[in-house]
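Worth knowing before you read on, the calculation uses all heavy atoms, side chains too, and leaves out hydrogens, waters and symmetry mates. This structure is a prediction, so every number in the text was calculated from the model and none was measured. Just so you know, residue 1 is the first one in the sequence shown, and it goes up from there. Counting starts at 1 for both ligands and their atoms, in listed order.
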Amino acid sequence: MKTRILWLLLLVPAAAYSDPKTDYLLYCRGCHLADGSGVPPEVPSLINEIGELLTLPGGREYIVRVPGVAQTDMNDAQLAAVLNWVVTEFNSQTTPTNFAPYTAEFITRVRGNVLINPLKHRAALVSQ
Ligand code: HEC
């Protein structure tokens with residue numbers, strides 16, 4: 001009987017235990033570092049910058065369409081949770097008060113439209 005319960009525990013998928021902080025560390029830290037500071041100018045900082053981008057028309061989509069985000073090896077729900085974690089953890093000073101958390105549905109709709117030239121797109125975004 002006990003052995004059976006142990007087998008059941010082994011069958012629970014590892015993803016069930018994932019949390020956004022762990023996922024950030026696994027999938028984003030390699031480039032953006034654990035504290036989100038990145039290695040500017042090559043790897044942008046995620047501290048307070050993301051909150052600023054969220055105030056711009058198209059900014060919410062841009063964040064999802066950047067290759068490192070759109071093509072990450074996470075499902076849509078996990079990715080939404082990681083982005084919301086990045087927003088609240090690193091951008092408390094700049095996030096608009098009416099920020100509506102990312103949802104899996106939004107990620108599903110937007111992530112397929114990966115930006116070929118993210119830097120150019122960003123420049124156009126901030127100069128509008
Ligand atoms: C292989 C390195 C790498 C990984 C891994 C990576 N990124 Fe990035 N990220 C970049 C680079 C480089 C840019 C600049 C745009 C570009 O060239 O793609 C960027 C841009 C961004 C931007 C836009 C920032 C801005 O100010 O325009 C966001 C948001 C972002 N990344 C979040 C993430 C998140 C969240 C993850 C994890 C799911 C992640 N990135 C994984 C390298 C990476």
Side-chain angles (χ1 to χ4, degrees):
M1 189 63 185
K2 263 189 191 155
T3 334
R4 256 194 217 162
I5 291 169
L6 276 177
W7 272 111
L8 280 176
L9 282 174
L10 283 173
L11 289 173
V12 174
Y17 295 115
S18 78
D19 71 279
K21 182 178 180 179
T22 307
D23 284 339
Y24 175 83
L25 294 174
L26 284 172
Y27 296 104
C28 317
R29 169 181 57 181
C31 298
H32 291 282
L33 306 189
D35 68 353
S37 59
V39 191
E42 284 79 16
V43 181
S45 165
L46 302 178
I47 302 171
N48 291 328
E49 297 282 330
I50 305 311
E52 302 271 6
L53 290 169
L54 284 168
T55 66
L56 304 171
R60 189 177 173 83
E61 286 81 3
Y62 163 76
I63 290 163
V64 178
R65 294 175 62 201
V66 159
V69 175
Q71 297 179 321
T72 189
D73 194 18
M74 272 187 272
N75 67 36
D76 298 340
Q78 271 178 296
L79 181 52
V82 167
L83 288 178
N84 291 330
W85 184 84
V86 165
V87 169
T88 46
E89 189 74 12
F90 300 142
N91 294 271
S92 55
Q93 286 167 36
T94 50
T95 300
T97 46
N98 65 351
F99 169 68
Y102 281 104
T103 60
E105 290 70 28
F106 184 84
I107 304 287
T108 309
R109 191 149 38 85
V110 175
R111 85 188 286 185
N113 199 3
V114 186
L115 289 169
I116 305 300
N117 193 336
L119 297 181
K120 194 172 160 199
H121 191 90
R122 188 192 207 281
L125 201 71
V126 296
S127 67
Q128 65 192 332

State whether the side chain of [X] and the backbone N or O of [Y] hold a donor-acceptor pair below 3.5 Å, judged by distance alone.
{"X": "Asn75", "Y": "Gln78", "answer": "yes"}
{"X": "Arg65", "Y": "Leu115", "answer": "no"}
{"X": "Asp23", "Y": "Val82", "answer": "no"}
{"X": "Arg60", "Y": "Ala100", "answer": "yes"}
{"X": "Thr95", "Y": "Ser92", "answer": "no"}

Output yes when the distance from some N or O of ligand 1 to some N or O of Tyr62 is under 3.5 Å, and no in every other case.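 Such a contact does occur with ligand 1.
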Search all heavy atoms of Gly38 against all heavy atoms of Pro40 and return the closest pair with its distance. C-CD, 3.5 Å
Which value, rounded to the nearest 0.5 Å, describes the distance between Tyr102 atom OH and Asp76 atom CG? 13.5 Å
At a 4.0 Å threshold, what atoms of ligand 1 neighbour a non-hydrogen atom of [X]?
{"X": "Met74", "value": "38 (C)"}
{"X": "Glu42", "value": "12 (C)"}
{"X": "Tyr27", "value": "5 (C), 37 (C), 41 (C)"}
{"X": "Ile50", "value": "29 (C)"}
{"X": "Leu53", "value": "25 (C), 26 (O), 27 (O)"}

Under 2.8 Å from atom 8 (Fe) of ligand 1, which protein atoms of type N, O or S occur, listed by chain and number?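 Those protein N, O or S atoms (cut-off: under 2.8 Å from atom 8 (Fe) of ligand 1) are His32 NE2.
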Hey, are the side chains of Arg111 and Thr72 touching, using non-hydrogen atoms and a 4.5 Å cut-off? yes
Just wondering, do Pro44 and Glu49 contact through their side chains at under 4.5 Å, heavy atoms?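 Glu49 does not reach Pro44 side chain to side chain.
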Min heavy-atom dist Gly30 to ligand 1 below 4.0 Å: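 Heavy atoms of Gly30 never come under 4.0 Å of ligand 1.
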Are Tyr24 and ligand 1 in contact, using a heavy-atom cut-off of under 4.0 Å? no
Any chance CD of Gln93 has more than 12 other-residue heavy atoms, nucleotides or ligands included, within less than 6.0 Å?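 No.
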Which protein heavy atom lies closest to atom 26 (O) of ligand 1, and at what distance to 0.1 Å?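 Residue, atom and distance for the closest contact: Arg122 NH2, 2.7 Å.
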Top protein contact for atom 17 (O) of ligand 1, by heavy-atom distance: Pro118 CG, 3.9 Å
Hphob cluster co-occupancy, Leu33 + Val87, side-chain heavy atoms under 4.5 angstrom: no
